[in-house]
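A short write-up of the structure that comes next.
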Amino acid sequence: MPKPVILDCDPGHDDAFAIWLAAGDPEIDLRAITTVGGNGTLTHTTYNARVVTGLAGIAGVPISPGADSPMVRLLSPAEGIHGANALGGPELPAPTVAADPRTAVELIRDTLDGAGEEVTIVATGPLTNIAMFVRTYPDRLSRIKEVVWMGGSTGRGNITPYAEFNCWTDPEAAAIVLGSGLPFTMIGLNVTHQVLITPEVVARIGAVGNRTAAFGVELLNYFNSTYETDQGMPEGPLHDPVAVALVARPGLVTTVRTRLDIELHGTETAGATSVDLLGKLRRPPNASVATGVDVEGFWRLLEDAIRALS
Ligand code: RIB
Ligand code: CA
């Protein structure tokens, strides 16, 4: 049976592929999309979610905007990677789907209430919406199967030497969700930097031959160009769909149970994810953290999902 999923995202080039994988893979039942300020302003990330769902022919999946800023800190969009509109590169077709009138927290509430089973939340941006939901509806957490988050890292960061962008944007939200007791899986840069957008990958996606693939190739090429300039990586890592892939095919991603803590106060390390893989702190494990990915299996899954779209 397909797994019910809510996807919380900040499209964002790699978020677009996360949406397409969630919508196109037969093992996922994409019930709702919520958007958050992150790669771009909430206005841009919500508009972009509408664009990439409409373009792919994804219908019947409500899209609700959530938080336009982090819980405590100021939003600092990743324009250097995603562009001024958070989906730089291709000319954006007019969206064919309207945003849902509910807020993200209301849509998550209603999706959980109507699911009749536990729902997995996949988050590929800052965790602000999920933290707001935890704080607003603590009595509904039992309706969430787990939170699977693309964020953090067992190693270095990408927005500061030690912090990954999603966590750095809203570390307080990450700490709230992690501390809520919800089953929590983190897929960090240490894994997503293994799924690199090589020329062969671009060719494979392009060869799918539909509208989604053609638009996706433009996104990949733009993302690679900015990643080279901003990160010194000519082949960018397609971070976010790895979180969806873990839900769709758990065997594709290796995880370990370990201790995860979020640094909130460091002058140089705010937003860092402290992953105590050696158990040095002797604190009880509180998360599953990804340590590996079947790269070929991941690309094949994504290719097949895009093939199932328009
Ligand atoms: O650090 C990578 C993460 O930050 C990805 O989710 C990307 O979309 C950006 O949001
Ligand atoms: Ca993202």
Side-chain angles (χ1 to χ4, degrees), residues 6-22 33-42 44-49 52 63 65-70 73 75-83 85-89 104 121-130 147-171 173-174 177 185-197 216 219-220 222-224 226-227 230-233 235-246 262 270-273 290 293 302:
I6 295 168
L7 178 60
D8 185 72
C9 54
D10 61 337
H13 294 68
D14 51 333
D15 302 77
F17 284 85
I19 289 172
W20 292 337
L21 178 56
I33 294 172
T34 51
T35 54
V36 65
N39 285 326
T41 64
L42 180 65
H44 281 310
T45 59
T46 305
Y47 185 84
N48 295 341
V52 300
I63 301 170
D68 58 4
S69 65
R73 301 166 195 257
L75 180 66
S76 180
E79 288 195 17
I81 297 286
H82 298 276
N85 69 350
L87 205 63
I121 294 179
V122 177
T124 62
L127 284 168
T128 317
N129 288 340
I130 314 307
V147 175
V148 179
W149 179 48
M150 190 279 132
S153 175
T154 63
R156 303 277 286 180
N158 60 0
I159 188 72
T160 70
Y162 290 97
E164 175 279 326
F165 178 79
N166 288 338
C167 197
W168 174 83
T169 296
D170 200 342
V177 177
T185 298
M186 179 187 103
I187 299 170
L189 300 177
N190 53 294
V191 165
T192 63
H193 279 204
Q194 298 176 42
V195 291
L196 298 177
I197 305 164
L219 294 180
L220 295 176
Y222 181 91
F223 192 70
N224 272 351
T226 57
Y227 239 88
D230 187 87
Q231 301 273 314
M233 295 172 68
E235 298 171 352
L238 201 66
H239 308 279
D240 292 336
V242 182
V244 178
L246 179 146
I262 311 295
T273 44
V293 61
L302 186 57

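Keep in mind the model is a prediction, meaning the values are calculated, not measured. Counting starts at 1 for both ligands and their atoms, in listed order.
A290 pairs by the side chain to side chain contact (heavy atoms under 4.5 Å, CB included) definition with I187, V191, V253, T255, not counting sequence neighbours. The side chain to side chain contact (heavy atoms under 4.5 Å, CB included) check on Y47 picks up R50, V51, L92, P95, with sequence neighbours excluded.
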Contact table ligand 1 N or O to protein N or O, d under 3.5 Å:
from: ligand 1; atom 1: 1 (O); to: N158; atom 2: ND2; distance (Å): 2.8
from: ligand 1; atom 1: 1 (O); to: E164; atom 2: OE2; distance (Å): 2.6
from: ligand 1; atom 1: 4 (O); to: N166; atom 2: OD1; distance (Å): 3.3
from: ligand 1; atom 1: 6 (O); to: T124; atom 2: O; distance (Å): 2.9
from: ligand 1; atom 1: 6 (O); to: N166; atom 2: ND2; distance (Å): 3.0
from: ligand 1; atom 1: 6 (O); to: D240; atom 2: OD1; distance (Å): 2.6
from: ligand 1; atom 1: 6 (O); to: D240; atom 2: OD2; distance (Å): 3.1
from: ligand 1; atom 1: 8 (O); to: D14; atom 2: OD1; distance (Å): 2.6
from: ligand 1; atom 1: 8 (O); to: D14; atom 2: OD2; distance (Å): 3.1
from: ligand 1; atom 1: 8 (O); to: D15; atom 2: OD1; distance (Å): 3.0
from: ligand 1; atom 1: 8 (O); to: N39; atom 2: ND2; distance (Å): 3.0
from: ligand 1; atom 1: 8 (O); to: D240; atom 2: OD2; distance (Å): 3.0
from: ligand 1; atom 1: 10 (O); to: D10; atom 2: OD2; distance (Å): 3.2
from: ligand 1; atom 1: 10 (O); to: N39; atom 2: OD1; distance (Å): 2.9
from: ligand 1; atom 1: 10 (O); to: N39; atom 2: ND2; distance (Å): 3.2
from: ligand 1; atom 1: 10 (O); to: N166; atom 2: OD1; distance (Å): 3.0

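The aromatic rings of H193 and Y227 lie perpendicular to each other, with more than 60° between the two planes, well past the 30° mark. Ring pair F17/W20 is perpendicular by interplanar angle, where above 60° counts as perpendicular and below 30° as parallel.
Here the straight-line distance linking atom SG of C9 with atom CD1 of I33 works out to 6.0 Å at 0.5 Å rounding. The CD atom of E79 sits 11.5 Å away from the CG atom of D230 when rounded to the nearest 0.5 Å. With rounding to the nearest 0.5 angstrom, the OG1 atom of T192 is 8.0 Å from the CG atom of N158. Annotation: the span from D15 atom CG to N39 atom CG amounts to 5.5 Å, rounded to 0.5 Å.
Around the Ca ion (ligand 2), protein N, O or S atoms at less than 3.0 Å comprise D10 OD1, D15 OD1, D15 OD2, T124 O, D240 OD2.
A donor atom on one side chain and an acceptor atom on the other are found under 3.5 Å apart for T34 and D8.
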